[in-house]
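Everything below concerns the one structure shown next.
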Amino acid sequence: MQHPQVVVDMTKLKHNLTYLSQYLQAKGIKVAAVTKVLGAYPELSALYDSIDSIDYLADSRLDNFKHYPKQSTKEKIQLRIPMLSEVDQLVQTVDISLNSQIETIRAINQAARKFNTSHQIILMIDLGDLREGVFETQEIDQYVQEIIQLDSVKLLGLGVNLTCYGAIIPEYSILEQLIQHKQRLEHTFDLTLDIISGGNSSSLYLLDEGGEGIPAGINMLRIGEAFVLGVETAYGKKIDNMHQDVFTLQAEIIEYRDKPSLPIGKVGQDAFGQKPTFVDKGLMKRGIVAIGKQDVDVSNITPRDSRVEIIGASSDHLILDFSQASQDYHLGDTVAFDVSYGSLLNVFTSPYVKKTFIN
Ligand SMILES: *Cc1c(COP(=O)(O)O)cnc(C)c1O
């Protein structure tokens, strides 16, 4: 077996995908399943594509759509605001994109005309998180007025993204503003906006039992993290009936022996230019596993054996304290880690981490 590896439990992932998408479908919410944290890995994209209650497949990078199954019939959404330089590829690759710049929308229209196709856009409104989106109401109206004149672009609806830059919680009153924009625009321009996309995994908490609910009219969510890690992301709470351990990162022990906890000699700077400090805990059972900062942000992984502690890392080595471990470990054993969103992103992007799929 090749290490390090990330092991994906496909049965658990399939359960998460089915469970949450059916739950949202029952509430009248269409689901755009986001594959970017997995680099749209082909085996995983195929699983996402096979789930009937998932309506759309979404990713932030055009290159990732190449990994989707060729025969997929679901509509594809590009999440990141397109680059002016990629509009030709955009209109040939996806059906829908999220947009916030009129110059880019004009370029998309020209590209769609050039390739004899049409393209749908969701206009992003910034409701305070301050990542993407049109900010001023007057500008939103000007944009819509122009977009509806374009011959090869269709305005599918409005969207918002929250809890990304500003960590703003999608409160009921914030999402209501999106509905107010929808109603004003439909009235002013005599049009129908089919899709109101009310955010990502951080909007899920609104649907909790006894919660405020999601404002009527929000009819799409774009869900990435909740599917893979089984958590909502406004408060980081586990979602009942979903698996939080779909992914296991495994690394192999390459050195294992008793050593002191305090380095010996004059302290300079470590491999990353930091001056480390140490606590003297006496003699420790220390091990090195073959994974490092080049593979993963080690502050974002947690040993599944909660009595094993990460004490340091360099590019290719992770040093663990096994003194309190709940089982015996040996050279050549593997150590299992839970991953968070950031480390999942890392390991799926790293060519050094093998991807293994189990059922
Ligand atoms: C990444 C992303 C999502 C998915 O977010 P999760 O928190 O993983 O659910 C949704 N919308 C946009 C615009 C994104 O960039």
Side-chain angles (χ1 to χ4, degrees), residues 13 16-17 19-21 23-24 29-41 44-45 48 51 54-65 75-83 90 94-101 104 120-134 156-170 174-175 178 195-207 214 218-239 242 244 246-247 300 339-346 348-349:
L13 181 57
N16 280 5
L17 291 166
Y19 176 81
L20 182 58
S21 59
Y23 169 85
L24 292 171
I29 296 173
K30 289 195 160 78
V31 179
V34 177
T35 55
K36 66 188 184 197
V37 72
L38 308 170
Y41 216 78
L44 302 175
S45 299
Y48 278 55
I51 310 290
I54 288 175
D55 300 282
Y56 308 89
L57 296 178
D59 205 286
S60 52
R61 293 171 189 251
L62 276 184
D63 279 343
N64 282 351
F65 291 95
E75 285 191 300
K76 315 290 180 303
I77 309 179
Q78 152 98 346
L79 296 172
R80 185 168 65 189
I81 306 303
M83 296 181 249
L90 177 83
V94 300
D95 308 283
I96 303 166
S97 58
L98 309 185
N99 281 275
S100 67
Q101 290 283 159
T104 310
Q120 305 170 76
I121 65 167
I122 293 177
L123 186 64
M124 295 302 278
I125 312 294
D126 193 332
L127 298 178
D129 198 58
L130 303 186
R131 200 178 75 179
E132 72 272 53
V134 187
L156 182 62
L158 305 178
V160 65
N161 198 55
L162 293 158
T163 341
C164 269
Y165 172 72
I168 297 303
I169 304 278
I174 293 185
L175 293 184
L178 198 59
I195 292 292
I196 304 298
S197 187
N200 55 46
S201 299
S202 70
S203 295
L204 290 171
Y205 86 97
L206 285 168
L207 297 164
I214 211 157
I218 301 286
N219 62 3
M220 181 213 271
L221 292 177
R222 310 174 306 270
I223 303 293
E225 184 166 350
F227 281 135
V228 289
L229 296 178
V231 294
E232 60 78 29
T233 57
Y235 300 100
K237 282 206 319 247
K238 291 177 184 172
I239 302 175
M242 289 183 77
Q244 284 79 40
V246 172
F247 301 89
N300 267 318
V339 291
S340 66
Y341 188 82
S343 48
L344 195 58
L345 187 66
N346 297 151
F348 269 94
T349 313

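Side chains included, hydrogens not; waters and symmetry mates left out as well; all remaining heavy atoms used. All ligand and atom numbering here is 1-based and tracks the order in the structure.
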Without hydrogens or angle criteria, can the side chains of N161 and N200 be said to hold a donor-acceptor pair below 3.5 Å? yes
When you look for heavy atoms under 4.0 Å from ligand 1, do you find them on the side chain of R80, its backbone, both, or neither? neither
Before you tell me yes or no, could you show the steps for T104 and S97 under side chain to side chain contact (heavy atoms under 4.5 Å, CB included), namely the whole-Å CA-CA distance, both residues' side-chain angles and the distance that decides it to 0.1 Å? CA-CA 11 Å; T104 310; S97 58; over 6 Å; no
Go through ligand 1 atom by atom and flag the ones less than 4.0 Å from a non-hydrogen atom of E132. 13 (C)
Test of understanding: given a 4.0 Å heavy-atom threshold, classify the contact between I223 and ligand 1 as side chain, backbone, both, or neither. backbone
Is it true that R131 lies under 4.0 Å from ligand 1, counting heavy atoms only? yes
Go through it in stages, so that I can follow the logic: the residues are V339 and N346, the test is side chain to side chain contact (heavy atoms under 4.5 Å, CB included), and I'd like the CA-CA distance, side-chain angles, deciding distance and then a yes or no. CA-CA 10 Å; V339 291; N346 297 151; over 6 Å; no
D129, L162, L204 screened by side-chain contact (heavy atoms from CB on, under 4.5 Å) with P170, the one that passes: L162
With a 4.5 Å heavy-atom cut-off, do V94 and L62 have their side chains touching? yes
Minimum-distance protein heavy atom relative to atom 12 (C) of ligand 1: N161 OD1, 3.5 Å
of all protein heavy atoms, closest to atom 9 (O) of ligand 1 is S201 OG, 2.5 Å
Under 4.0 Å, heavy atoms only, figure out whether ligand 1 is touched by the backbone of T163, its side chain, both or neither. neither
Write out the residue and atom name of the closest protein heavy atom to atom 5 (O) of ligand 1, then the distance separating them to 0.1 Å. N200 CB, 3.2 Å
Return the residue, atom name and 0.1 Å-rounded distance of the protein heavy atom closest to atom 8 (O) of ligand 1. E225 N, 2.8 Å
Would V34 count as a polar contact of ligand 1, with the cut-off being nitrogen or oxygen pairs under 3.5 Å? no
Quick check: closest heavy atoms across E225 and Y341, and the distance to 0.1 Å? OE1-CD1, 3.5 Å
Polar side-chain atom of Q244 near backbone of G230 as donor-acceptor pair, under 3.5 Å: yes
Ignoring hydrogens and angles, state whether a donor on the side chain of T163 or S202 is under 3.5 Å from an acceptor on the partner side chain. yes
Would you mind checking which non-hydrogen protein atom is closest to atom 14 (C) of ligand 1, with the distance to 0.1 Å? K36 NZ, 2.9 Å
Would T233 count as being in polar contact with ligand 1, using the rule that some N or O on each side must be under 3.5 angstrom apart? no
Taking 4.0 angstrom as the limit and counting only heavy atoms of L98, give me the atoms of ligand 1 inside it, by number and element. 13 (C)
Close side-chain approach of F247 and V228, heavy atoms under 4.5 Å: yes
What residue and heavy atom of the protein are closest to atom 11 (N) of ligand 1, and at what distance? R222 NE, 2.8 Å
